[in-house]
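Structure, as structure tokens:
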Amino acid sequence: MVRRLVLTAVVSLAALATAVPASTASGPASSVPAPSAVPTSGPFAAARPALGPLPLPVPLPLPGLPGGGADEAPGEVDETQTRLTVSVENTGVPGADGTFELECGPTGGTHPEGQAACDRLAEAGATRSGRQELFRETPEGTMCTMIHGGDAFARIVGTWEGRAVDTTASRRDGCEIARWNSLVPVLPDVR
């Protein structure tokens with residue numbers, strides 16, 4: 001650790017010494033050369049960074065976005081890339097069981113609460129944690145309360161914001177109940 005700090009300090013000093021010429025540092029009236037911070041002997045003697053102009057960042061098109069993403073505002077998502085098939089069974093709620101198609105942007109398909117489901121997906125997609133967590137299954141070994149929320153089972157397959165989705169949800173324990181509830185109204189509210 002100390003070795004790394006010393007190396008960083010020496011390289012930083014070397015960079016400063018080459019960035020500020022000795023004649024500028026000592027002033028025009030001084031004829032005595034200023035001491036150099038660049039080591040002339042030892043293991044760091046050859047460590048002289050090549051300084052020059054830094055390259056300008058070039059905007060790159062992002063794959064998977066129409067037009068490379070250049071036409072859209074930051075954080076804006078093309079909802080036409082959301083097409084899900086939601087299969088639900090054993091909810092005990094009349095009309096909630098079945099297989100439904102959900103398309104967002106414009107809202108379409110056979111989902112009974114299509115617009116509300118698309119709004120929920122857009123809300124989750126607006127945050128980084130929502131994009132990472134929404135369809136992620138409960139990790140193996142997670143400590144969950146042993147509350148049985150019913151026999152309801154669902155499978156969601158398709159694409160969401162251009163990403164492949166293939167997940168299942170149930171109400172077998174506290175973690176799965178919370179996960180199911182976070183997907184309402186994509187999944188039916190069976191509370």
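Remember, predicted model here, so these are calculated numbers, not experimental data.
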So how far is it from [X] [atom1] to [Y] [atom2], rounded to the nearest 0.5 Å?
| X | Y | atom1 | atom2 | answer |
| --- | --- | --- | --- | --- |
| Glu89 | Thr99 | CD | OG1 | 8.5 Å |
| Ile156 | Thr85 | CD1 | OG1 | 10.5 Å |
| Ser170 | Glu137 | OG | CD | 9.5 Å |

TODO: Find out if a path of hydrophobic residues (ILVMFWY) with successive side-chain heavy-atom gaps under 4.5 Å connects Val93 to Val88.
DONE: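 Looking at the clustering, Val88 is in the same group as Val93.
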
Using a distance-only test with no angle check, is there a side-chain donor-acceptor pair under 3.5 angstrom linking [X] and [Y]?
| X | Y | value |
| --- | --- | --- |
| Thr138 | Glu176 | yes |
| Arg171 | Asn181 | yes |
| Glu101 | Thr110 | no |
| Thr167 | Arg179 | yes |

Task: Pair Thr159-Val165, side chain to side chain contact (heavy atoms under 4.5 Å, CB included): steps then yes or no - done: CA-CA 5 Å; Thr159 57; Val165 172; over 6 Å; no

Any side-chain heavy atom of [X] sitting closer than 4.5 Å to one from [Y]?
| X | Y | answer |
| --- | --- | --- |
| Cys118 | Thr82 | no |
| Pro188 | Trp180 | yes |
| Ile147 | Ile177 | yes |

Restricting to non-hydrogen atoms, name the atom on [X] and the atom on [Y] that form the minimum distance, rounded to 0.1 Å.
| X | Y | answer |
| --- | --- | --- |
| Val186 | Val86 | O-CG1, 3.9 Å |
| Pro94 | Gly92 | CD-O, 3.9 Å |
| Leu187 | Ala169 | CD1-CB, 3.9 Å |
| Pro185 | Glu113 | CB-OE1, 3.5 Å |

Open item on the list: Applying side chain to side chain contact (heavy atoms under 4.5 Å, CB included) to Leu183 and Leu134, what does each step give before you reach the verdict?
Closed with: CA-CA 7 Å; Leu183 287 166; Leu134 187 63; 3.6 Å; yes

- [ ] Output, in order, the C-alpha distance, side-chain angles, deciding distance and verdict of side chain to side chain contact (heavy atoms under 4.5 Å, CB included) for Val184 and Arg120.
- [x] CA-CA 8 Å; Val184 170; Arg120 173 65 185 116; over 6 Å; no

Task: Whether Asp97 side chain and Asn90 backbone form a donor-acceptor pair below 3.5 Å - done: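 Pair found, side chain donor or acceptor close to backbone of Asn90.
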
Task: Leu121 backbone acceptor or donor facing Asp119 side chain under 3.5 Å - done: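 No, Asp119 side chain to Leu121 backbone: no donor-acceptor pair under 3.5 Å.
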
Task: Qualifying ring-ring contact (aromatic ring centres under 6.0 Å, His included) pairs with a residue from residues 131-172, counting only residues at least two apart or across chains - done: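 Found Phe135-Trp160.
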
TODO: Answer yes when Arg172 and Asp151 have at least one side-chain N-carboxylate O distance shorter than 4.0 Å, and no when they do not.
DONE: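 Salt bridge between Arg172 and Asp151, a charged N being under 4.0 Å from a carboxylate O: no.
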
TODO: Apply the test side chain to side chain contact (heavy atoms under 4.5 Å, CB included) to residues Glu140 and Thr142: give CA-CA distance (whole Å), side-chain angles for both, the deciding distance (0.1 Å), then the verdict.
DONE: CA-CA 6 Å; Glu140 192 69 33; Thr142 301; over 6 Å; no

